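Input: a single structure, listed below in structure tokens.
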Amino acid sequence: MHLTVDPDFISRPLKITFSSPADRASLEVDLRRYFSPAPVTLMVSEGNTIPPLSFGSASANRLVALTLTELPPDPRALLGVSHLILYDQSLRDLSRSQLLALDSWLTAGGRMVILGSLNYPLYQEPAISRFLPVRVTGIKRISFHPGPGPNDSSAPIDNVWAQASTVVTGKVLAETQGIPVLVEASRGKGRITYLSLDIGRPPLSQWDGLPKFLQRVLASPGGDDLALRTRWDETVFAQLIQSPSFISTYVPTGALFLAIVGYLLGIGVFSWLWQRRRFARRTVMVTGLCFVTLSGLGGYLLFSRGGNIPDGVLLSSTVMESSADGYVEAQSNLAMFSTQIRQYDLAIERGWMDLIPVSVPAKERAEPAVVFQDGSGSSRFQLPLREWDYRLFRVRFVDRFPLRAEFEQQGGKLLMRLNNQSAKDLADCWLVTPGQRYALGDIPRGASWTREFALAVEEGQQQAGGRRSDAVDFREIPFKDKTREILFHASFFPRDDGSVRWSAGAAVFFGWVKDPDRRVSVHDNRIRNYDYTLFRAIVPLAGPEDE
Amino acid sequence: MKDNPVLRESLEVFFGEGHGFAVYFYLLIILAPVEFFSLYLPSLDAQMWSGSASLFKVSAVTTLLLMVYFALRVANQEFAPWRFKATKRWLREDGLAIATVGQGQLAFLSLHVALSMLLCLPFLIWAAAIARTPLPRVAGTLLLLMFYAFSYSIWGLATLVLWERRAESRQVFIRCWFFFVVVISALFYLPVNPVAFLLAYLGRQELAPLSIAGWKAPAAVAHFAFHLLVAFTGLMAYRWALRRDLAV
């Protein structure tokens, strides 16, 4: 059994209780001594035979060796891992959930480093081939020159074992005698680096420059995108629930209005009949009494059992940002609110990384929410709620969404290339640049076009050097759907410190995804699901001085 | 009771001639928009949100205020006062017994309270259904509303008999009394206040017990004791005023 413990809970000993009708056992685990503030580098090697690896004192990362079976089946357990190094290791015995966890971790930004070894058949197995950017064909001895830099004067190392391979995907960073030595491929936000050399065997294992060389291989390329920023808190939620259009999703406002008007009219008719004396007063009184009673009972049945009032509403607002290779980083902001006392089973699709509660529960309430994860990687999140209660969460995903929006700045013009190879249509698309906005309408699946847009130049400053206004203004962008408008202005593009990415001069493309795939859902007819998904691409623009 | 001339007169003025319809019109025409628009005034409050959640609370409190206010005014004969025969005339010229006059006026007041409750009932039940208020709480609320309306409005009858010829004084007293019971009472001891008690009852909250010189009484006991005292003293004042009318 694997348990993933959130880092927030490791500051004190963790008590795990197993109970059954027959017995009950408790185990207290103190995880504090395993805590590492810096990201961890995991090293997996056959039989735990680690080559004499050392990254030197410069590396802040802690190196942890583990066996294949110790790899977690939950991608969230890999969240604190920066690199995973595989050496001389067959992945044949990895379970499906372990493989899925590795996949999810990679696409979410993990780095896998596969080091070649003399046992090249291990690298021809399907389990490792799904990660390898090359197809390994054999083994050779080569003369390896380690210095990639022009100032590197180190001598070549002869008779180094290197795997022969052909590149399948990715970019060859170093090549010797026709053999790709260092190949790098991206996978979502993550990267896979393949080094064909066997560093665990002589002569490389005895080479003094090995730690430095490995540090170079493992080094982060830098320039990582800023984390996806959206605002999701009680303030945004309050705006949503105060919106009349949203209230009608969980309360039958229309039916209540009609019922009130109908009842008042009915009472008016009875009082008119009473005064006109067209019918016997006893008859009017008895019918009036029946009318009031039936109105009350009928309304009660309609509003409590019928009337399409849900037990709860799950609102999911997702912003997807283009990452690389057709992958997007998606952050789903969730609001689960209940009109009844009941338990909710939230199904979370495969590939989720973080599930962070946003709203802090009241002190008097227990928080017995539990996440169950099955072998396929999908999860269920059990959440008990009281009547008129709610919870807010954030969930992060990295998923495939092959929509490419590329920008090229050409003087005062912006060239935009768009290719929607995803299975979804985009609606209500806009391109916003400093001082300008262009309505692009709908972009259907399969659409591919290139357009040129003029970049605005402030009139007064044009003569003084053509400096643009840096502010990208979203305030005037209207949406017919009030909920979309609130989410857009309050959550996706808030006017606070999260706006730094587009306030310093950027081209922002966005569009609403039609019928988005549900990443989190509740499969129950009594619960309504509402999904709002926005695709966005933000590209910083060079100022005149940069040009 | 059916032959009680005081009750018959009140029924004729209110329902035969239709002078009382205005009361029920005001009652419904105020309650209906308050109930509907309170749905659109939600606000977050410590992990809960009001609006639809508080629909029944808002509707019940509005009904309470309206029922008490109009019951006081009806008891005080503020609607079509010229059509009612003065109490003194019932007692002296028609020779009715004090008990007959008292029973007639109390019966009409009870009928008015019950009819007000009946007309507001659909609104309250719909609000309860939307706000998911349990039925026992709804029933409890309805009983409380009638109890408050009756126990406060007895004072309307008392003032009617006490100052029969001074209509303005009565009107001022009635409004001051209404203001006292629904607002000022909260300043002395919150559980005595009907609005606070009703909200606490619907919100399943415990109110602070009454503590006097080390002696403690639960809030509910203090609340009902106070209201029974109000009703009883009102009834006594009414009886005394009727007797005074007959004696003077």
Side-chain angles (χ1 to χ4, degrees), chain A residues 234-235 237-238 241-244 246-248 250-253 255-257 259-261 263-264 266-268 271-272 274-275 281 285 288-289 291-307 309 311 337-341 359-362 364-365 386-391, chain B residues 11 14-25 27-57 59 114-115 117-135 138 142 203-204:
Chain A
E234 266 86 3
T235 324
F237 185 60
I241 65 159
Q242 281 167 5
S243 153
F246 197 70
I247 289 172
S248 58
Y250 63 91
V251 173
T253 45
L256 180 66
F257 179 75
I260 288 174
V261 171
Y263 179 70
L264 291 177
I267 294 293
S271 59
W272 181 75
W274 177 274
Q275 285 189 306
R281 283 197 160 170
M285 195 169 71
L289 201 63
F291 171 73
V292 173
T293 313
L294 287 175
S295 298
L297 285 176
Y300 182 79
L301 291 174
L302 173 73
F303 296 126
S304 64
R305 289 165 199 197
I309 306 175
D311 283 0
F337 55 101
S338 176
T339 61
Q340 300 270 18
I341 300 174
S359 53
V360 182
E364 69 268 20
R365 272 191 281 163
R386 297 189 309 181
E387 74 272 42
W388 304 105
D389 198 358
Y390 71 93
R391 288 304 155 80
Chain B
L11 288 174
F14 252 64
F15 304 113
E17 297 169 12
H19 291 296
F21 286 170
V23 178
Y24 308 105
F25 173 78
L27 197 66
L28 294 178
I29 213 70
I30 295 171
L31 180 60
V34 167
E35 175 163 331
F36 183 71
F37 288 113
S38 70
L39 275 181
Y40 289 94
L41 295 171
S43 64
L44 284 178
D45 170 34
Q47 301 296 304
M48 297 289 286
W49 80 88
S50 50
S52 35
S54 302
L55 188 62
F56 186 66
K57 284 183 190 171
S59 303
L115 186 59
M117 189 76 264
L118 181 76
L119 289 173
C120 295
L121 197 63
F123 287 153
L124 291 173
I125 287 183
W126 300 342
I130 290 171
R132 314 288 193 192
T133 311
L135 279 176
V138 180
L142 300 181
R204 290 168 233 180

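Just so it is clear, the structure is predicted and the values come from calculations on it, not from any experiment. Order of the sequence lines fixes the chain letters, A, B, ..., with proteins taken first and strands second; residue numbering starts at 1 for each chain.
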inquiry  = So for A:Leu294, is it side chain, backbone, both, or neither that comes closer than 4.5 Å to the heavy atoms of chain B?
reply    = neither
remark   = Taken to the nearest 0.5 Å, the spacing of A:Ser271 OG from B:Phe25 CZ works out to 9.5 Å
message = Between B:Leu135 and chain A, with a heavy-atom cut-off of 4.5 Å, which part of the residue counts as in contact: side chain, backbone, both or neither?
response = side chain
ask   = Can you name the closest pair of heavy atoms from A:Ile260 and B:Ala32 and give their distance?
value = CG2-CB, 3.5 Å
remark   = Closest non-hydrogen contact found for A:Gln275 with B:Glu17 is NE2-O, 4.1 Å
request  = Return the option, out of B:Leu124, B:Leu118, B:Leu121, with the maximum number of heavy-atom pairs under 4.5 Å with chain A.
outcome  = B:Leu118
inquiry  = I'd like to know if the side chain of B:Trp126 reaches the main chain of A:Leu302, judged simply by a donor and an acceptor atom lying under 3.5 Å from each other, with no hydrogens or angles considered.
reply    = no
ask   = Which value, rounded to the nearest 0.5 Å, describes the distance between A:Tyr263 atom OH and B:Leu119 atom CG?
value = 4.5 Å
message = Please classify the contact between A:Leu264 and chain B as side chain, backbone, both or neither, with a heavy-atom cut-off of under 4.5 Å.
response = side chain
key: A:Trp274 side chain vs B:Gly18 backbone, donor-acceptor pair below 3.5 Å   = no
task = Sort out for me which residue in A:Thr339, A:Leu256, A:Thr253 forms a side chain to side chain contact (heavy atoms under 4.5 Å, CB included) with B:Ile130.
result = A:Leu256
ask   = Contact part of B:Phe15 toward chain A, heavy-atom cut-off under 4.5 Å: side chain, backbone, both or neither?
value = both
